Amino acid sequence: MRILRFVGRRLLQLIPVLLGVVVLTFLLVRVLPGDPIRSILGPNATEADAAAARARFGLDQPLWKQFLDYLGGLFTGNFGTSIQSGSPVSGEMALRLGPTLELVVIAVAIAVVLAIWLGIWSARRADRLGDHTVRIFALFGNSIPEFWLGLVLILVGYAALGWFPAPSGRVDPDTNLTPLTGADLVDAVLTGNGPAMASAAAHLVLPVLTLVIGVLAPLLRSVRASALEVLHSEAYAAAAAHGLPERTLLRGYLRRATLVRLPSLAALVFGTAIGSTVLVEYVYSWQGFGQWALRGLLYRDYPVVQASVLIIALCYVLIFLIADVVHAVLDPRVRI
Amino acid sequence: MLDIEDLSVVIRRPGRQVAALSNVSFSVAPGEVVGLVGESGGGKSMVARAIVGMLPSGSHATGRVGFDGADVLRMDAAALAKHRGRGAAICFQNPRGALSPTRTVGRQLIDRLVTHQGMSGDRAVESAAELFASVGIRNPGQRLRAYPHELSGGMAQRVMISLAAGCAPSLLIADEPTTGLDVTLTAEILRQFRHAADTDGRGVLLISHDLASIAEVCDRVVVLYAGTVVETGPAAKVLREPAHPYTRALLRSVPDVGGGRVVATAGGMPLLTAAPHDCPFAPRCAHATDVCRTTRPETEKLADGWSLACFHPQEAPLSVVNAEKSDNAATEAGRIVLRVEDAHVVYRSRFGSGGHHALRGVSLELRTGETLGVVGESGCGKSTLAKLIMGLVEPSAGAVAVAGKDVRKRSRVERTRAQMVFQDPIGSLSPRRTVADSIAEPLRAAKVSTADRARRVEAALGRMELDDSILTRYPHELSGGQAQRIGIARALVGEPDLIVFDEPTSALDVTVQAQILEVIADVAADAGHGSVFISHDLATVRGFADRVVVLYLGRVVEEGPVDEVFDHPRHPYTRALLGSAPRLGATRAADVQLVKDLDEADAATGCALAARCPFVTDTCRSQEQTLQPYGESRAACWRVPELPALIGKSDS
Amino acid sequence: MADPQLAPVVIGGGDRDRRFARALIYVGGAILVVAALAAVFAPLLSKWGPTEIDPAGTLATPGGAHLLGTDGNGMDVWSRVLHAARIDLGIAVCAVALAVVVGTLLGLLAGYLGGWVDDVLMRIVDIFQAFPTFILALAVAALLGDGFGNLVLTIAAVNAPAYARLVRAEVRTLREMAYIEAAKTSGASMFGILWRHLLPNSLTPVRVIAPLNCGWAMLTLAGLSFLGLGVTVPTAEWGSMISLGTSDVVAGRWWTSVPPGLALLVCVLGFSLLGEGLQERADAKRR
């Protein structure tokens, strides 16, 4: 019950932040250098053609009127019409969100599990060879550019070894997968399409691996630091001095105390992963949300930019909210 | 049972080497309580760590830590795992830090019961509740489900004791079990250890810096200095007629509520890099001769299990030197430097209503040349009072004036007319500023010229008996005693009207504390300013205050001339405080025992002490008590005239 | 009596930690020194200019006239990799320095003054931090456009809020310290407290984070260029070089994208090692 009230209060606090995001993006996209209308019209378009197109997208209205229309639309779930494609933004977005979420969620989940396991393992062997190896690995992971890592993986996994499919698309079109959620692996499972399942999984391996390596490093470092802090704490020393067995120490005194700080970090890393997908999708031609938003940005497609910025901000703050709730559940000291 | 023989520990790290323990030998038998006494750096904690086989990395240990026939130093991992907890269990110094924050205290106790007593399920829960009850925790069943952060300091210490006891150890080690606890609690906590020895037949090793306070429950004491055992003997005897000059210095350094004067010993404990070849105390010892400086005294066994490492043992019983009261002539003539009128301070919580009422209607007056002592337990509002006087918090109601000027309406220069000496000596100096910079800070505000500044800084430094070379150092390079002298110099340098000492010695070692108290006594005697001395320790206040104010939960409960309040306390709370303070040479009088801990007492209406006072009536609960004159002092209790009779009744 | 013949019991190690930290700092520092030297002396280390087109051919294999071959435009890859260090290191270091200065000042003010100043500044920081940093960098880069100055501004703007928050948190803890109260009761002015006491002491965590942040700034810059929003061809920059080499990868031509990526990785690693070592040293001091 207290948790629900906490969530409610936090959701209310989100409103001004999101409103700020809406206002800011609305104004800033219009300050962006470049004209969206000119980019869809041919080079021979006259001034009259441009004016007509502008009227079609409501861009001839005064700024405050445009904003009110946009805000009104938001409340009814209408994000406007894409200037580039001419189709509704909400429909396009729904198609693009699934594949990206599939990628990010799988990668972050794998990274979190690996980070917890490796981080605690490493901290318990602090300053021995295993620990140093893990740390050097984490430093490499921290320093590697994902987009380049993606290219190297393609070079090795596809061009040299041929183990994985070409980096174009998410599933073999010959498998006739019926899209439901947009997340191909999920769709394949839901429709019981065996070949599509195999194809989607094979397409996922390299991009997921790329993201995992990039995301794992910061998580791993923090889990290790946190575990080390617990191991050096008076509380842990006291439990050890009272002769509690290894297993009790690990389960009761190390693990939870270590994980207490993890949720907000995992949320941050989730954000990093969202950022990285823009690059990773580009490398693997994933045709996901990131690529769509990037194209919108490059072509100054106002409604697309506004919608994608809002959605990213919403995802991000919601993730942080979830992280805070998990934190409160893990840490008895937190009062909500 | 525990038999430490010739134990030496040298810690080698790159760039430095410390001889933490040198040839330490002593033993503890089942059912015996042994006190291990000394100042920080003396090696007490190292002994405890050696006993449970947890020496720090880089340690080189020689000798033997015998425990039931085996040698802890040379145990393999399996034997050590068995020994820890079941053989010897430590109660850690800082119980709140030593309890795992994310596990309920009940679970933590049950972990011990399961591991060391082979209990399981309901049996363990039941035993845990019993153990909690046995250490004086009310509602044990409910407390089992509490997390450490929900416990008060006293409660956490009790839980820690139950955790150690839950291991069913042959030897119970308590590391400074009463540090940080209020005086009214220490006696009870110490009794727990006596109890463990008497009823369960455990050996108990009680580690403390305060010989006087633990002597009462100990059978024998072992005194450590710079990693060596200087004196061992029966507790009562060592307390009354200590033979080693260090033991005597230690005891004389502790101020006494009876009015005994503090005798400071100059210097500080050396950090040895190797086992000493001389008497490590010789440089500070008044009786030292050439032999002390060239040869290390052997430990000699005297009668009654008394042994000693000294060439010049002292025999006379330690006499209490009563301070001759210097009549402060300035008192009548002085001008008023501080006036607090019916001040209230409420700390509002940032959101919503409510808040913490830290001070409720405090009034004070102070003249130049006068020293006012303020005493009370943690949470009584004494630090808030200090901040209020300094203008660091604003009164919610009432007024504060320093040198006739309202603290809220002062210019920068006027602000420097009141100075403060802080509890944490090193923390009160800016880490990246030199000592010279720190001392000169008040002068900078007063726009004193650079040359003049340097001259006055030097003068203040000279008064603190510090060398000029310290001026260019940074706080982390100073010892606690040096840092506090700097703090006092900073307070003095601008020749203020008022100096507030906020627990200036509570973070210092015993013999250093005595040195600083002497300095403060000297400073407080100046006729040019008034002093407020705030302390949780009644004894330190007695030394040099003229008048004393006793605070309880933000109210003044008693006020009067210092001797009057200490020798003839009126208020039940003052009586309880004085009754639980340790006294040299005298057993403490069972005067008034408060019921419940401070944190369990809410003061909604009526007398603040009502929930804890043994003499409470319905009148107390319903009527706010105000200060009323009783003889020379004033107390906020309407039953003062009846109290002597009531106390006599409860004794019989 | 204990047997004096018994050998002392030695409890192991303890300073391996410090040696590892020192090794990290030295290796990281060495990498950065080499990278900086390569950037400065790039023209001496390569026969070809960074934007010079070899008329003899595009996509030449490594060896022969070109140490690392040529790219699709016929430019020398080795020369470009060296010259790119100038712009990549330059923008990253300038941007982080700017972010540190601006962020620290804002954090100092917000933390010390509290009240509405704090509220306003922190709400702005909230909005900035409602986005993953790379996404934010994309948006700001699109807004400001390319060029050295604009890219420095972009990356600084994305990083400054984090410093503001860090310093603010530090100041809010320090504000309660006894030495700040001591300064106040000694009549120090607000400026004096900020400048003489709070600023030097609140910079401790910043010093550790800044090198790590430099590495991250390089990755961001390269990422932006990779997507066409940062430095653009023909200027030599590692991200845009990798971008140019993307199409070659599928055909198995590694030399156009692997060398710039490696150079980037090594430089960022230098910063990471340095930062990790500093962190480790700070932790060791704290214990």
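For clarity, every value in this text was computed on a predicted model and none was experimentally measured. Chain identifiers are assigned alphabetically (A, B, ...) following the order of the sequence lines, protein sequences preceding nucleic acid strands; residue numbering begins at 1 within each chain.
Ranked by heavy-atom pairs under 4.5 Å with chain C, the list B:Val421, B:Leu7, B:Asp502, B:Asp437 is led by B:Asp437. Of the listed residues B:Arg490, B:Arg444, B:Met420, the one with more heavy-atom pairs under 4.5 angstrom with chain C than any other is B:Arg444.
In this structure, C:Ala182 and B:Ser428 approach most closely via the heavy-atom pair CB-O, 3.7 Å. Minimum interatomic distance between C:Pro200 and B:Arg432 (heavy atoms only, all atoms of both residues): O-NE, 3.2 Å. In this structure, C:Ser186 and B:Thr416 approach most closely via the heavy-atom pair O-CG2, 3.2 Å. Nearest heavy atom pair, residue B:Arg412 against residue C:Gly187, reads NE-O, 2.7 Å.
Taking C:Asn159 as the reference, C:Asn213 meet the side-chain hydrogen bond (donor to acceptor under 3.5 Å, both in side chains) condition, with sequence neighbours excluded. With sequence neighbours left out, the side-chain hydrogen bond (donor to acceptor under 3.5 Å, both in side chains) criterion links C:Arg175 to no other residue.
At a 4.5 Å heavy-atom cutoff, B:Arg410 makes no contact with chain C through either its backbone or its side chain. Of the atoms belonging to B:Gln419, it is side-chain heavy atoms, and not backbone ones, that fall under 4.5 Å from chain C. Proximity to chain C (any heavy atom under 4.5 Å) is restricted, for B:Leu392, to the side chain, taken from C-beta onward.
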Verdict with reasoning, B:Lys387 to C:Glu181, per side chain to side chain contact (heavy atoms under 4.5 Å, CB included): CA-CA 9 Å; B:Lys387 288 187 177 176; C:Glu181 292 193 337; 3.2 Å; yes
Trace of the side chain to side chain contact (heavy atoms under 4.5 Å, CB included) decision for C:Met177 with B:Asp424: CA-CA 10 Å; C:Met177 302 293 261; B:Asp424 175 4; over 6 Å; no
Evaluation steps, side chain to side chain contact (heavy atoms under 4.5 Å, CB included), between C:Lys184 and B:Met390: CA-CA 9 Å; C:Lys184 276 189 204 162; B:Met390 298 309 299; over 6 Å; no
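Shown here is B:Glu298, whose CD atom has no more than 12 heavy atoms of other residues, nucleotides or ligands within 6.0 Å. Atom OH of C:Tyr26 has 12 or fewer neighbouring heavy atoms from other residues, nucleotides or ligands inside a 6.0 Å radius.
A donor-acceptor pair is defined here as one N or O able to donate and one able to accept, closer than 3.5 Å; no such pair exists between the side chain of B:Arg415 and the backbone of C:Thr185.
Between atom OG of residue B:Ser438 and atom NE2 of residue C:His197 there is a gap of 7.0 Å, rounded to the nearest 0.5 Å.
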